[in-house]
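Here's the structure we're looking at; comments come further down.
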Amino acid sequence: MKMLLTPGPISTTDTVKRAMLADYGTWDSDYLKLTEKVRSQLVAVANGNANYASILLQGSGTYAVEATLGSAIPKQGAVLLLAINGAYGQRMAEIADYLSIPHINVVFEDTEVIDPAQILKAAADHPEITHFAMVHCETTTGILNPIEAIIPNLAAQGIVTIVDAMSSFGGVPLNVVNLGVDYVISSANKCLQGEPGIGFVIAKQTTIAKTRGNARSLALDLFDQYDTFEKHPGKWRFTSPTQVLAALAEALQELKAEGGVQVRYQRYITNQRSLSAGMATLGYEPLLDATAQSPIITTFRYPDADFDFQNFYDFLKKHDFLIYPGKLTEIDSFRVGNIGAVYETDIARFLSIVKQYDGATVAKKLVK
Ligand SMILES: *Cc1c(COP(=O)(O)O)cnc(C)c1O
């Protein structure tokens with residue numbers, strides 16, 4: 001089987017995959033219980049309390065982002081402030097444009113961490129701002145943004161805050177109560193190590209309770225999805241991805257068995273450090289400063305002008321590793337993920353394959 005060193009879907013355990021080998025009736029009490037268990041476990045992963053609820057949504061992560069922006073923000077009298085340092089921040093701006101949500105963008109370089117001072121200044125300069133959204137780990141580069149230095153401050157000013165924690169949730173510790181955040185968005189198939197097909201939102205109940213009628217879309221009405229779960233525990237509003245939910249339930253058990261988010265975070269850090277150090281000795285320089293680097297995914301510069309990414313990719317694939325192309329327009333780069341059912345021995349094996357590749361290309365150049 002191929003090992004995915006990507007930002008998701010990622011390599012899952014055999015037991016998570018096997019959890020999908022069953023059929024479930026969506027009105028059956030076992031399935032309703034399983035859904036409710038997943039909902040409460042997700043709040044626990046976020047270190048939430050009874051003031052928070054999780055809302056599951058059919059679809060990939062972007063569906064949950066679009067549902068949140070389209071339901072949290074009223075149609076009149078609201079302005080969204082966006083902090084952007086990569087493609088996923090840009091995607092929120094694009095969603096806001098589609099939904100005709102007025103927004104102010106504060107844009108940083110992709111290699112630059114979002115600066116809290118500039119965000120707080122923008123909020124002070126624009127008293128019309130009612131909502132704020134940012135990405136936690138910008139998967140474009142793998143940069144980790146300082147939500148702790150931004151969210152509590154804006155929340156204290158009465159601004160509704162939204163964090164896209166898609167690629168960090170379950171892999172980097174986060175505490176919704178300490179942040180005072182209103183919405184945190186993620187999906188099943190990244191650090192939670194489940195299968196793709198479910199997005200979810202951890203929402204502050206007093207905030208979401210006030211959003212009835214805001215939605216610009218029926219299927220992506222987050223309030224109605226929340227209301228349905230609250231009134232009919234375990235019952236999804238429309239057909240639910242039953243096998244994906246069963247896999248997520250198993251994945252959450254495995255997160256607990258591993259020791260929780262803190263232990264998984266350490267494993268990812270170890271993966272990332274071994275990968276980064278090993279690649280550097282082979283001539284592949286990481287793009288980001290170590291201080292800005294998340295443990296989720298690492299961007300590497302091409303080692304030289306002759307580097308042929310497709311050739312490199314094909315070689316790795318032949319040895320059962322799949323990586324990701326870069327997502328930067330200005331710098332030639334590729335990305336390697338550190339998340340999923342991936343351990344130090346896998347990183348060591350990956351590095352040995354990269355070393356073989358370098359040997360093979362050097363030999364080819366000598367022949368020429
Ligand atoms: C993966 C990801 C998304 C959502 O992507 P989908 O392809 O829709 O699952 C959104 N934001 C971030 C930061 C991501 O890493």
Side-chain angles (χ1 to χ4, degrees), residues 4-12 42 46 55-70 72 80 82-96 98-99 105 107-108 110-114 132-147 150-151 161-172 174 181 183-202 217 219-220 222 241 244-245 247-248 251 268 272 288 292-299 322-328 335-340:
L4 302 178
L5 296 183
T6 66
I10 38 72
S11 284
T12 56
L42 290 174
I55 304 118
L56 306 169
L57 193 71
Q58 300 91 333
S60 83
T62 305
Y63 290 65
V65 176
E66 186 156 336
T68 304
L69 295 180
L80 172 66
L82 287 170
I84 299 172
N85 65 339
Y88 293 100
Q90 285 293 352
R91 188 177 292 175
M92 290 202 280
E94 206 181 331
I95 291 170
Y98 263 85
L99 302 180
N105 302 343
V107 182
F108 300 84
D110 286 0
T111 51
E112 203 184 347
V113 168
I114 289 173
F132 170 73
M134 69 180 289
V135 172
H136 189 203
C137 170
E138 236 315 339
T139 322
T140 311
T141 53
I143 206 164
L144 194 64
N145 288 314
I147 51 173
I150 298 172
I151 300 296
T161 55
I162 300 163
V163 172
D164 170 351
M166 203 71 66
S167 62
S168 59
F169 191 87
V172 178
L174 162 156
V181 65
Y183 300 92
V184 169
I185 310 162
S186 187
S187 66
N189 61 277
K190 288 184 174 175
C191 296
L192 291 180
Q193 300 185 184
E195 301 296 341
I198 295 176
F200 60 86
V201 182
I202 314 291
S217 154
L220 297 181
L222 193 70
V244 180
L245 192 274
L248 179 56
Y268 289 168
Q272 197 283 326
L288 297 174
Q293 175 67 53
S294 72
I296 307 300
I297 185 164
T298 310
T299 302
L322 298 187
I323 64 166
Y324 244 45
K327 212 176 168 125
L328 298 169
R335 293 176 292 167
V336 184
N338 321 295
I339 63 176

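Side chains are part of it too, since the values below use all heavy atoms of this structure and drop only hydrogens, waters and symmetry mates. Numbering starts at 1 and runs along the sequence shown. Remember, it's 1-based here, ligands and their atoms both numbered in the order they're listed.
Applying the 4.0 Å criterion to heavy atoms of S167 picks out, from ligand 1, the atoms 15 (O). Close approach of ligand 1 to V135 is summarised as follows: ligand atoms under 4.0 Å from at least one heavy atom of the residue are 13 (C).
R335 contributes no side-chain N or O that, together with a main-chain N or O of G326, makes up a donor-acceptor pair within less than 3.5 Å. A distance-only check finds no donor-acceptor pair linking the side chain of N338 to the backbone of Y268 [under 3.5 Å]. Under the 3.5 Å distance criterion, the side-chain polar atoms of T6 are left unmatched by any main-chain donor or acceptor of G337. Checked by atom type and distance alone, the side chain of T140 pairs as donor or acceptor with a backbone atom of A87 at under 3.5 Å. For N145 (side chain) and I114 (main-chain N/O), a donor-acceptor pair under 3.5 Å exists by modelled atom type. Without hydrogens or angle criteria, T299 side chain to T141 main chain gives a donor-acceptor distance under 3.5 Å.
In this structure, M92 and I84 have side chains that are not in contact, with every pair of non-hydrogen atoms separated by 4.5 Å or more. For the pair E138/Y88, a side-chain contact is recorded, criterion being any heavy-atom separation below 4.5 Å from C-beta on.
Residue contacts with ligand 1, taken as heavy atom pairs separated by less than 4.0 Å, involve K190 solely via side-chain atoms from C-beta onward. Of the heavy atoms in T62, both backbone and side-chain atoms come closer than 4.0 Å to ligand 1. At a 4.0 Å heavy-atom cut-off, ligand 1 touches C137 through the backbone alone.
Looking at Y88 next to ligand 1, no N or O pair under 3.5 Å apart turns up. Polar contact with ligand 1: absent for V65 (N/O pair, distance under 3.5 Å). Considering both main-chain and side-chain atoms, S187 never comes within under 3.5 Å of ligand 1 through any nitrogen or oxygen pair.
In terms of protein heavy atoms, atom 11 (N) of ligand 1 is closest to D164 OD2, 2.7 Å. Scanning all protein heavy atoms for the shortest distance to atom 3 (C) of ligand 1 gives M166 CG, 3.4 Å. Given atom 13 (C) of ligand 1, the protein heavy atom at minimum distance is T139 OG1, 3.4 Å.
The option from A64, G61, G59, P9 that lies nearest to atom 9 (O) of ligand 1, judged by heavy atoms, is G61.
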